[in-house]
Number of protein chains: 2
Amino acid sequence: MDLAAKAGWYYYINGDTQDAIARKLQVSRQAAQRLVALAVSEKLIKFRLDHPIAECVALTEALRDRFRLDYADVTPDDGPDVRHGLGVAAAAYLEQLLASQAPIVLGFGTGRTLRAAVEELTPINRPQHRILSLVGNMTGDGRASPFDVAVRLADRTGAQCYPMPTPVVAGSIAEKELLLTQRSVETVRNLATQAKAFVVGVGQVCWNAPIQADGFLDEAEVGELLDAGAVGELISWPFDADGAWIKSGIVDRLMGTRPQAPPASPTIAVAGGPDKTQAIRAALHGGLLTGLITDKATAETLLKGA
Amino acid sequence: MDLAAKAGWYYYINGDTQDAIARKLQVSRQAAQRLVALAVSEKLIKFRLDHPIAECVALTEALRDRFRLDYADVTPDDGPDVRHGLGVAAAAYLEQLLASQAPIVLGFGTGRTLRAAVEELTPINRPQHRILSLVGNMTGDGRASPFDVAVRLADRTGAQCYPMPTPVVAGSIAEKELLLTQRSVETVRNLATQAKAFVVGVGQVCWNAPIQADGFLDEAEVGELLDAGAVGELISWPFDADGAWIKSGIVDRLMGTRPQAPPASPTIAVAGGPDKTQAIRAALHGGLLTGLITDKATAETLLKGA
DNA sequence: TCAGTTAAAGGGCAAATGCTCAATCACAGA
DNA sequence: TCTGTGATTGAGCATTTGCCCTTTAACTGA
């Protein structure tokens, strides 16, 4: 034990190689290796990371484990504006994706958080990529959504943009059928199957949720979803507290393609804040996501309740 | 920097390979390696050994007995970089001092070893404490010493800092008198009498000793001290081989207050290495110290020769 | 705009490390 | 004394890590 402590000191504090330690301690190289390992496993030597990020990394790891995610990131939430912090983190992730020289297809949801992420992007020229809207970007009355992400992102990167120039939800099944015959709608829905990744928000479904306030759904429609047990939505597709897709008249009129569960392509959600916690938890439970970028407080709540 | 902290966390605390870290952080394997190295070199990640090593404990006891010390610590250090090991041990001691909730006054010397100790310190917020420079922290030509410890320590702890904004040694007695009338100099000298502890280095006095190389003394001054029998210095005050203060023209121009012998407050020296052994031995003989943090090799030499 | 300079990224390789496994050793019980 | 049991050791090998060096990107000043 004494030897192990010494070996630990030499290795971690003095910076010796295990070979050098073996010589100093007059043991074989392998024995030195075992001693160093022992010092660590017996906690004779302690590692400390003195950095505010340490806690976030721990949460990141916990999220990844608990919800079997491929990618996770937790932002330290200092400051009142959660969305800004998330935006920066999401922008960093997006930059990774966009850095690819080979042409890729990326699908995007909508929302304020994603919009913030795009605003944080450092300008980069990537005309080879294709950016898709996964959600209709018109409100019911024909206005373009101010939170459409694909157009803005394509604008900033010079990428080719494939918006979905329809409402989120068609007025009727007949209207949906009609819209589906449009060349542009067909194209974007086809391209979605080739997407390298989907970057989406998570919306809560409740009275006066953004999806209603922004005019994508009216009061009756929100009521219908709530009656069916919806707690959240992913690129407009509503799900219940277990993350199972809701069956309802509305979903038959949704213009986007439904995400697969489990996802066929990496599906990264950018979402945080107390209002969204329940929806995020449900989406995670349902295995609808492969990645999550969230803030520290939300991560803690997700892990506590789960 | 954030990334480096994350990498350090994953590598040392989570035990991931650099490959796994690269995947999690979405960077190349080499980049992950650099990040881990950076986390270590920037001291984001710290190592602490929590185990008394028998051999060193014996030396510690022997030192304490032989030189009537209140505190002693011996590091197992054996490599070329004695300073780093001493720094870790000294940092552990400092953390203990700083942990005090009650406001305390701490006096500090200068030097590379102490500086290393401060760099090893875990950030801790202690605005209630007061940190003093016991030595002028300007070189002769008005530059700030890069090895000033008080400022850096106060910076890391949020403590109130009282530097001594003068050269180590005034150009003349008249200049010293003038400087002593400065409010800041007066304050720091007064506070020194209330110090809970002094943490100091031990400097050797010889040709090209740090005290000369760093521009605190010129060649003529070093010569004068050597002629007077100086072998070492404690917060700039030179002493001979028996640890008795040197009388010389220079000492009348020193800006710091002379340490009392025996010390009125706990006076802990952090020093080691073959070059300094003679100076340390002299300081111990003269009873100038109440504590010593040194390395194994130095401790052995001190005990053998004494 | 473009050449010159500097920093960063990645390929590749040698050194360091971790791990498996067969050989050896210590020891208890017949 | 012999033998079985289990722990310990070090050889050998696969993986991981550190580092050099070339390539690439970014930036600066004319």
Side-chain angles (χ1 to χ4, degrees), chain A residues 1-47 49 53 57 61 64 71 73 88 91-104 120-129 156-159 196, chain B residues 1-47 49 76-81 84-85:
Chain A
M1 190 99 301
D2 205 56
L3 271 188
K6 270 194 182 180
W9 171 283
Y10 284 136
Y11 191 69
Y12 288 107
I13 297 174
N14 218 31
D16 292 347
T17 69
Q18 297 184 353
D19 242 338
I21 296 168
R23 260 175 279 121
K24 285 183 188 175
L25 263 37
Q26 304 273 300
V27 296
S28 70
R29 208 270 302 163
Q30 293 89 333
Q33 196 272 326
R34 283 189 190 103
L35 287 172
V36 172
L38 188 67
V40 174
S41 69
E42 294 297 312
K43 311 259 198 275
L44 303 180
I45 192 96
K46 298 218 174 86
F47 308 109
L49 179 62
I53 212 79
V57 182
E61 210 40 29
R64 210 199 300 261
Y71 183 86
D73 197 7
V88 173
Y93 178 77
L94 280 182
E95 279 165 25
Q96 308 268 5
L97 282 177
L98 292 167
S100 159
Q101 288 298 329
I104 55 173
E120 293 295 335
L121 269 184
T122 52
I124 179 178
N125 194 253
R126 281 297 128 83
Q128 66 269 49
H129 299 331
R156 297 203 69 166
T157 57
K196 174 97 172 176
Chain B
M1 203 46 123
D2 272 9
L3 267 190
K6 286 188 187 182
W9 191 92
Y10 282 126
Y11 192 71
Y12 287 106
I13 297 176
N14 216 34
D16 291 351
T17 69
Q18 297 183 352
D19 238 339
I21 297 168
R23 260 174 281 121
K24 286 181 184 175
L25 263 37
Q26 310 260 299
V27 297
S28 70
R29 209 271 302 164
Q30 292 91 331
Q33 196 272 325
R34 285 188 190 107
L35 287 172
V36 172
L38 188 67
V40 174
S41 70
E42 294 297 311
K43 312 277 159 72
L44 300 179
I45 189 96
K46 307 224 173 69
F47 309 111
L49 182 69
D77 204 333
D78 201 8
D81 187 11
H84 181 234

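Chain identifiers are assigned alphabetically (A, B, ...) following the order of the sequence lines, protein sequences preceding nucleic acid strands; residue numbering begins at 1 within each chain.
- For B:Arg29, taking side-chain heavy atoms from C-beta onward, the closest of the listed nucleotides C:dG18, D:dC19, D:dG10 is D:dC19.
- Taking only side-chain nitrogens and oxygens, B:Ser28 comes nearer than 4.0 Å to OP1 or OP2 of C:dG10.
- Look at OH on A:Tyr12: it is 11 Å from P on D:dT17, rounded to the nearest Å.
- If you take CG of B:Leu35 and P of D:dC19, they are 15 Å apart, rounded to a whole angstrom.
- When each of C:dT17, D:dG18, D:dT9 is scored by its nearest atom to the side-chain atoms of B:Gln33, the top-ranked nucleotide is D:dG18.
- Judged by atom type and distance alone, B:Arg34 does not reach the base of D:dG18 through any side-chain donor-acceptor pair under 3.5 Å.
- Within the 4.5 Å cutoff, the side chain of A:Ile45 has no heavy atoms near those of the A:Tyr11 side chain.
- If you measure from atom CZ of A:Arg23 to atom P of C:dA16, you get 9 Å, rounded to the nearest angstrom.
- Close to C:dA9, at under 4.0 Å from its OP1 or OP2, lies no side-chain N or O of B:Gln30.
- No side-chain heavy atom of A:Asp73 sits less than 4.5 Å from a side-chain heavy atom of B:Gln26.
- Each of B:Ala31 and A:Asp19 was assigned the nucleotide of DNA chain C with the nearest heavy atom; the assignment lying further toward the 5' end belongs to B:Ala31.
- Ring geometry, A:Tyr71 versus A:Tyr93: the interplanar angle falls from 30° to 60°, so the pair is classed tilted.
- The aromatic rings of A:Tyr12 and A:Phe47 lie perpendicular to each other, with more than 60° between the two planes, well past the 30° mark.
- For the pair B:Leu38 CG and D:dG18 P, the interatomic distance rounds to 13 Å; values are reported in whole Å.
- Distances shown here put a side-chain N or O of B:Tyr11 below 4.0 Å from the OP1 or OP2 atom of D:dT17.
- Comparing C:dA16, D:dG18, D:dT9 by their closest approach to the side chain of B:Gln18 singles out D:dG18.
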